[in-house]
Amino acid sequence: MAHGHAPAPPAPLPLRGIRHIVAVGSGKGGVGKTTVAVNLSIALSKLGYKVGLIDADIYGPNVPTMLGATRQPNIVGENTIEPLTAHGVKFISIGLIAPGDKPMVMRGPMLHQIIRQFLTQVAWGELDFLLVDLPPGTGDVVISLVQTVPLTGAVVVSTGSSVALEDARKALGMFAQVNVEVMGLVENMSQMTLPDGTIMDIFGAGATEQTAKQFKLPFLGSIDMDPHVREGGDRGLPAALAGGATKRGQEFIAIAEKVAARSKEIAESTEDVLEIS
Ligand SMILES: Nc1ncnc2c1ncn2[C@@H]1O[C@H](COP(=O)(O)OP(=O)(O)OP(=O)(O)O)[C@@H](O)[C@H]1O
């Protein structure tokens with residue numbers, strides 16, 4: 001690309017009123033990336049931040065179901081989309097634009113347009129955090145994202161299993177390639193506490209933290225496997241709504257605090273660089 005002669009695309013521009021844009025990615029599908037993105041949004045909002053969430057998971061746009069709001073968004077003015085709001089979080093989803101059971105079949109340019117539109121033509125208002133739930137894997141959506149706006153960083157979700165971590169490492173490589181700082185790794189479905197108190201280790205708890213260490217990246221925390229998390233997602237009442245009152249709520253709040261702290265650090269260090277240069 002460095003040697004290409006094609007005109008350079010327009011430089012990414014910050015969105016007015018939005019402080020931090022944070023991507024949530026995973027590598028492997030089904031590790032609970034959307035669950036983490038949704039609950040992290042709610043936890044950040046519980047901490048007092050203004051939060052928005054873009055569901056850019058073309059393969060499984062589950063955010064509306066998990067937040068319990070599935071109506072089509074209104075269009076205001078010429079061509080501005082009004083985000084939906086659920087549990088204090090503003091959101092927009094590719095699933096609201098193309099509802100139903102049909103899969104999204106799209107070419108890159110159309111996808112790029114949708115991502116741009118979600119960023120620039122949604123009436124987000126003032127936000128401290130705009131989270132973006134990426135599709136699993138490495139690809140087009142991230143490129144569209146970084147070409148449109150500067151990101152504060154990315155959160156990578158994995159389980160402790162070797163296969164999930166193998167794919168998570170690819171996601172780390174992808175973020176490095178597009179110059180997005182990985183704020184840290186989250187382990188989801190870490191352990192499971194059975195009703196009799198026995199702890200079951202299903203996916204290899206702790207391995208995500210090890211991977212974070214290997215890559216000299218922060219480990220942001222883990223969320224245990226818990227049927228309440230799945231039920232909450234299915235019912236549109238995410239587990240994080242319980243806040244500090246439950247173990248899962250506490251785990252999500254702890255991760256949200258770390259994400260907020262890292263975002264602040266990263267933003268401050270970039271400002272320093274801008275001042276020096
Ligand atoms: N900690 C957890 N405990 C129990 N169930 C969970 C947990 N995290 C996620 N799940 C459940 O696992 C399933 C997959 O989660 P989710 O849809 O968030 O994964 P994903 O990584 O976003 O998937 P994809 O990106 O492939 O669509 C869902 O049914 C969700 O409710």
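Atoms within each ligand, like the ligands themselves, are counted from 1 in listed order. For this chain, numbers begin at 1 and follow the sequence in order.
Residue Thr35 holds its OG1 atom at 8.0 Å from CG of Asn62, rounded to the nearest 0.5 Å. Between the CG atom in Leu44 and the CZ atom in Phe129 there is a gap of 5.5 Å [rounded to 0.5 Å]. The structure places CG of Asn39 at 10.5 Å from CD of Glu251, a figure rounded to the nearest 0.5 Å.
Of the protein's non-hydrogen atoms, Asp57 OD2, 3.3 Å is the one closest to atom 27 (O) of ligand 1. For atom 30 (C) of ligand 1, the closest heavy atom belonging to the protein is Thr35 OG1, 3.6 Å. Counting only heavy atoms of the protein, atom 11 (C) of ligand 1 lies nearest to Arg230 CG, 4.0 Å. Met189 CE, 3.9 Å is the protein heavy atom nearest to atom 12 (O) of ligand 1. Protein heavy atom at the shortest distance from atom 2 (C) of ligand 1 is Val229 CG1, 3.5 Å.
Every heavy atom of Val38 sits 4.0 Å or more from the atoms of ligand 1.
At a heavy-atom distance under 4.0 Å, no atom of Asp234 approaches ligand 1. Contact annotation: for Met66 versus ligand 1, heavy atoms closer than 4.0 Å belong to the side chain alone.
Counting heavy atoms from C-beta outward, Asp57 and Pro135 have side chains that approach closer than 4.5 Å.
A 6.0 Å sphere centred on NE2 of His228 holds no more than 12 heavy atoms belonging to other residues, nucleotides or ligands. By the neighbour-count criterion of 12 heavy atoms within 6.0 Å, atom CD of Glu231 is densely surrounded, having more than that number from other residues, nucleotides or ligands. Other residues, nucleotides and ligands place more than 12 heavy atoms under 6.0 Å from the CZ atom of Arg71.
Interface of Gly29 with ligand 1, defined as ligand atoms under 4.0 Å from a residue heavy atom, comprises 26 (O). Interface of Asp224 with ligand 1, defined as ligand atoms under 4.0 Å from a residue heavy atom, comprises 1 (N), 2 (C), 3 (N). Residue Pro136 has at least one heavy-atom neighbour below 4.0 Å for each of these atoms of ligand 1: 25 (O), 26 (O). For ligand 1, the atoms sitting less than 4.0 Å from at least one non-hydrogen atom of Thr34 are 18 (O), 20 (P), 22 (O), numbered in the order shown with element in parentheses. Every atom of ligand 1 is numbered from 1 in the order shown, and the set under 4.0 Å from a heavy atom of Asn188 is 1 (N), 2 (C), 7 (C), 8 (N), 9 (C).
Between Ser26 and ligand 1, no pair of N/O atoms sits closer than 3.5 Å. For a threshold of 3.5 Å applied to N or O pairs, the pair formed by Asp226 and ligand 1 contains at least one separation below that value. Looking at Gly30 next to ligand 1, an N or O pair under 3.5 Å apart turns up. At under 3.5 Å, a nitrogen or oxygen of Lys33, whether backbone or side chain, sits near a nitrogen or oxygen of ligand 1. Between Val31 and ligand 1, a contact under 3.5 Å exists for at least one N or O pair. Ligand 1 has a nitrogen or oxygen under 3.5 angstrom from a nitrogen or oxygen of Gly32.
With sequence neighbours excluded, the residues satisfying side chain to side chain contact (heavy atoms under 4.5 Å, CB included) with Arg169 are Leu165, Glu166, Thr211, Phe215. Residues satisfying the side-chain hydrogen bond (donor to acceptor under 3.5 Å, both in side chains) criterion with Arg19, sequence neighbours excluded, are absent altogether.
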Derivation and outcome, side-chain contact (heavy atoms from CB on, under 4.5 Å), residues Ile255 and Ile223: CA-CA 9 Å; Ile255 293 170; Ile223 302 118; 3.6 Å; yes
Salt bridge (Lys or Arg N to Asp or Glu O under 4.0 Å) evaluation trace for Asp226 with Lys247: CA-CA 10 Å; Asp226 182 338; Lys247 286 254 170 63; over 6 Å; no
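Within a 4.0 Å radius of atom 9 (C) of ligand 1, the protein contributes at least one heavy atom.
Donor-acceptor pairing under 3.5 Å is lacking for the side chains of His20 and Ser263.
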